[in-house]
Amino acid sequence: MRQRTFTMLKPDAFKRRLSGKILARFEERGLKIVAIKTMIISEDLAKQHYGEHSDKPFFNDLVEYITSGPVLAMVIEADDVISQIRKMVGATNPKEADIGTIRGDFALETGRNIIHASDSEESAAREIGLFFNESEICEYTLPDEDLIYE
Ligand code: IDP
Ligand code: MG
């Protein structure tokens, strides 16, 4: 069964006009985008999304950062997609992220690390539910799925 994950280009990525380059990486690898939208996240949604970090010293800055402009929120579907996208995203601190990862190639600071990706099946289900209605998620088949999957 293919998996779904929640991925979000943060306001710095969107404002730096990196969306196309980052989406191209997902598309070229054969991952299927099943939902995508731009939005400005409310403070309430930001606090829910990052609820696990509410006790951290950076929490207020994180909420301010993620609500500071448009994000590009998406649901991506593929085999093992949660762990594959985390690998493509790279370490939380871009200075420690491998070159070739999205953070390693496009970012320098933890507080400006340009992209979010769910870290487990549980968080993917929770985050998809926070950002998307079922009716916004598109079921379809890629025309080259038999070339991507054996
Ligand atoms: P992740 O995004 O790689 O899953 P988490 O530890 O879940 O990393 O942290 C969520 C987000 O909070 C990070 O992507 C980053 O934007 C921010 N963050 C995490 N640690 C710090 C920090 O030490 N200073 C500032 N921001 C941080
Ligand atoms: Mg996280």
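Read the numbers this way: they start at 1 and go in the same order the structure lists the ligands and their atoms. When a residue number appears, it is its place in the shown sequence, counting from 1.
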Side-chain heavy atoms of Ile22 within contact of Phe106, under 4.5 Å: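 Of all side-chain heavy-atom pairs linking Phe106 with Ile22, at least one is under 4.5 Å.
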Non-hydrogen side-chain atoms of Phe26 and Val81 separated by less than 4.5 Å: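 Phe26 vs Val81: side chains apart.
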Options Ile115, Leu62, Ile114, ranked by nearest heavy atom to atom 11 (C) of ligand 1, top entry: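 That would be Leu62.
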Selected option - heavy-atom contact closest to atom 25 (C) of ligand 1, from Phe59, Tyr50, Phe58: Phe58
Non-hydrogen atom of Thr110 closer than 4.0 Å to ligand 1: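 The answer is yes, since Thr110 has a heavy atom less than 4.0 Å from ligand 1.
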Sub-4.0 Å heavy-atom approach of His49 to ligand 1: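 No.
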At a non-hydrogen distance cut-off of under 4.0 Å, which region of [X] contacts ligand 1 (side chain, backbone, both, or neither)?
X	value
Arg112	neither
Lys10	side chain
Met8	neither

Would you say [X]'s side chain and [Y]'s backbone share a donor-acceptor pair under 3.5 angstrom?
X	Y	answer
Arg126	His49	yes
Asn113	Thr92	yes
Asn93	Lys95	yes
Lys37	Phe131	yes
Asp105	Gly100	yes
Thr7	Met74	no

Please check whether [X] reaches ligand 1 - meaning an N/O of the residue sits under 3.5 Å from an N/O of the ligand, judged on distance alone.
X	answer
His53	yes
Asn113	yes
His116	no

Sub-4.0 Å atoms of ligand 1 with respect to non-hydrogen atoms of Arg86: 1 (P), 3 (O), 4 (O)
Distance from atom 2 (O) of ligand 1 to nearest protein heavy atom, with residue and atom: Arg103 NH2, 3.1 Å
Heavy-atom nearest neighbour in the protein, as seen from atom 8 (O) of ligand 1, with distance rounded to 0.1 Å: Thr92 OG1, 3.2 Å
Six-ring centre of Tyr65, Lys10 cation under 6.0 angstrom, axis tolerance 45°: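 The answer is no; the distance or angle limit is not met.
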